[in-house]
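Here, residue 1 is the first one in the sequence, and each next residue gets the next number.
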Amino acid sequence: MEEVHIYTDGGSRGNPGPAASAFMAILIDECRERVLRKMARRIGNATNNQAEYRAMIMGLEWATQRLINLQHAWREQIISVLRKLGLPS
């Protein structure tokens with residue numbers, strides 16, 4: 001069975017300060033792992049949390065544009081985003 005895992009990270013130099021966000025999508029099957037996409041962006045001045053949120057959004061946008069069914073996402077990040085948006089987690 002094939003799965004796509006998306007790993008994200010973001011950070012800033014200072015808080016806020018110059019920031020960047022990145023994600024990597026990996027296709028995993030029974031025999032191997034293959035990188036499908038890697039992307040990193042400078043996002044200007046932001047907090048470290050904003051950079052983390054932007055990284056997750058970048059990865060999810062990439063996946064939904066390709067109609068990829070995401071079975072695994074970092075639960076901690078999803079909960080953080082929901083709380084930041086004021087939604088129940």
Side-chain angles (χ1 to χ4, degrees):
M1 175 174 197
E2 291 184 341
E3 294 181 353
V4 174
H5 291 223
I6 295 183
Y7 299 92
T8 64
D9 197 14
S12 64
R13 185 165 295 182
N15 203 17
S21 303
F23 80 91
M24 180 171 26
I26 299 176
L27 176 67
I28 300 172
D29 63 24
E30 295 89 23
C31 302
R32 64 187 178 136
E33 296 179 3
R34 182 170 58 101
V35 175
L36 296 177
R37 180 77 165 122
K38 294 189 287 188
M39 181 184 289
R41 279 195 192 135
R42 292 182 182 149
I43 62 169
N45 279 341
T47 66
N48 62 321
N49 286 337
Q50 290 169 326
E52 291 280 1
Y53 301 146
R54 173 53 49 196
M56 187 173 176
I57 290 167
M58 286 168 48
L60 292 173
E61 285 176 344
W62 175 86
T64 56
Q65 289 169 359
R66 281 141 194 89
L67 301 176
I68 293 174
N69 180 16
L70 291 176
Q71 296 178 5
H72 298 275
W74 290 107
R75 186 175 189 280
E76 177 183 330
Q77 290 177 328
I78 291 172
I79 289 171
S80 295
V81 169
L82 291 174
R83 287 182 181 154
K84 182 75 171 172
L85 296 173
L87 300 171
S89 55

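- Contact check for His5 versus Ile28: side-chain heavy atoms found under the 4.5 Å cut-off.
- Across all their heavy atoms, Ala25 and Val4 have their closest contact at CB-CG1, 4.4 Å.
- Here the side chains of Trp62 and Met39 are not in contact, with every heavy-atom distance at 4.5 Å or above.
- Remark: Asn15 engages Asn48 in a side-chain hydrogen bond (donor to acceptor under 3.5 Å, both in side chains) (not counting sequence neighbours).
- Atom-to-atom distance recorded for Leu27:CG and Arg32:CZ is 7.5 Å, nearest 0.5 angstrom.
- Note that CD1 of Ile6 and CZ of Arg37 are 11.5 Å apart. Values are rounded to the nearest 0.5 Å.
- What you find for Ala20 and Ala51 is that their closest heavy atoms are O-CB, 3.5 Å.
- One finds the CD1 atom of Ile26 at 9.5 Å from the NZ atom of Lys38 (value rounded to the nearest 0.5 Å).
- No donor-acceptor pair under 3.5 Å is formed between the side chain of Ser21 and the backbone N or O of Arg41.
- Met56 and Ile43 end up in different hydrophobic clusters when Ile, Leu, Val, Met, Phe, Trp and Tyr side chains are linked at under 4.5 Å.
- For the atom pair OG1 (Thr8) and CZ (Arg54), the distance works out to 12.0 Å, reported to the nearest 0.5 Å.
- Taking both residues in full, the closest heavy atoms of Ala55 and Ala22 are given as CB-O, 3.3 Å, listed atom of the first, atom of the second, then distance.
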